Amino acid sequence: MLKVNILTIFPELFPGFLGSSLTGRALEENKFELRAVNIRDYALDKHKSVDDTPCGGGAGMIMRPDVLGRAISSNHTKGRIIYMSPKGKTLTQSKVKELSNEEELTIICGRFEGIDERIIEAYNIEEISIGDYILTGGEQAALIMLDAVVRLLPGVLGNKASTEDESFEDNLLEYPQYTRPIEWEGRSVPEILLSGHHQKIQDWRKQQQIATTKVRRPDLYKIYLESKKS
Ligand code: SAH
């Protein structure tokens, strides 16, 4: 079972939306374990301070390495330590898959202007970003990453096939989907999908995937072409 340690100064943000829907059921059924640890519990001074001003000057506050270090060593037993950070590698579905195969993840959620760089070096921490924009805290990023990870855990999604056909599998975006009614406000579902011809439907879907990816995500399309060659 995947065990997740979240290091945060806002433990009340967890499980957050992970407590609802499919991930909520997975949590209830112990398909993964989520422990939100309050970093402040590892502050030793009477004000329980977790941050201080940046050395060299500048705006904002930085999370202290001594407090964070104690929080890490008291809670991490094995596996990766991740810092949610706009400076990290952008999260991809293949990274999500990799994380879903781990036994333990320890995730540091930054606040203020971030954390002292020495923590990242000392604990060999992997930095992961959820996109090129700045959030107020790592908690939101951690929840999004975990939502993507948890849905890949065994037994969480009803239909395993539904993850194999999705956007980013094969480096292609998903084909367009339709359901009943067949006619809606003068628009009909593409004829081919009603034909019952399995092979033709598959071919049409693949061709739609390729066309959409080529237009919307030329970067992904390039990777798709390269992976087909090899
Ligand atoms: N001064 C920092 C941003 C701090 S934002 C910089 O310019 O890089 C405060 C915290 O929010 C960060 O420590 C990080 O944990 C989190 N955060 C902000 N944007 C993020 C993103 N795109 N992905 C992951 N975490 C993010």
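In this text the structure is predicted, and so the values were computed from the model without any measurement. Whatever order the structure lists ligands and atoms in, that order sets their numbers, starting from 1.
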Carboxylate-amine/guanidinium contact Glu102 Lys78, below 4.0 Å: no
Contacting atoms of ligand 1, where contact means under 4.0 angstrom from a heavy atom of Phe112: 4 (C), 5 (S), 9 (C)
Residue pairs, two or more places apart or on separate chains, that pass side-chain hydrogen bond (donor to acceptor under 3.5 Å, both in side chains) and touch residues 218-230: Arg217-Asp219
Heavy-atom nearest option to atom 3 (C) of ligand 1, drawn from Ile82, Ile144, Ile134: Ile134
Ala141: numbered ligand 1 atoms lying under 4.0 Å from its heavy atoms: 24 (C), 25 (N)
Heteroatom proximity flag, Glu113 to ligand 1, N/O under 3.5 Å: yes
Greater than 12 external heavy atoms within 6.0 Å of Asp132's CG: no
contact_flag Thr136 ligand 1 heavy-atom lt 4.0 Å: yes
Side-chain touch Leu153/Leu2, heavy atoms, less than 4.5 angstrom: yes
Under 3.5 Å: N/O of Cys109 near N/O of ligand 1: no
Donor + acceptor pair across side chains of Gln199, Asp203 (<3.5 Å): yes
Side chain, backbone, both or neither: the part of Ile108 lying under 4.0 Å from ligand 1 by heavy atom: neither
For Gly114, atoms of ligand 1 separated by under 4.0 Å from a heavy atom: 13 (O)
Check ion pair Glu104-Arg35 (N to O, under 4.0 angstrom): no
Protein heavy-atom partner closest to atom 17 (N) of ligand 1 - residue, atom, separation in Å: Pro86 CD, 3.8 Å
Any N/O pair Ile130/ligand 1 closer than 3.5 Å: yes
Residue pair Ile6 / Cys109, side-chain heavy-atom distance below 4.5 Å: yes
Atoms of ligand 1 close to Ile128 [distance to a heavy atom under 4.0 angstrom, numbered from 1]: 24 (C)
Working for side-chain hydrogen bond (donor to acceptor under 3.5 Å, both in side chains), residues Glu127 and Ser85: CA-CA 6 Å; Glu127 295 180 70; Ser85 159; 3.0 Å; yes
Sub-3.5 Å N/O-N/O distance, Ile115 and ligand 1: no
Tyr83: numbered ligand 1 atoms lying under 4.0 Å from its heavy atoms: 12 (C), 13 (O), 15 (O)
Element-labelled atoms of ligand 1 that are located less than 4.0 Å from some non-hydrogen atom of Ser129: 22 (N), 23 (N), 24 (C)
Neighbour count >12 (heavy atoms, 6.0 Å) for atom CD, Glu191: no
Gly110 N/O to ligand 1 N/O under 3.5 Å: yes
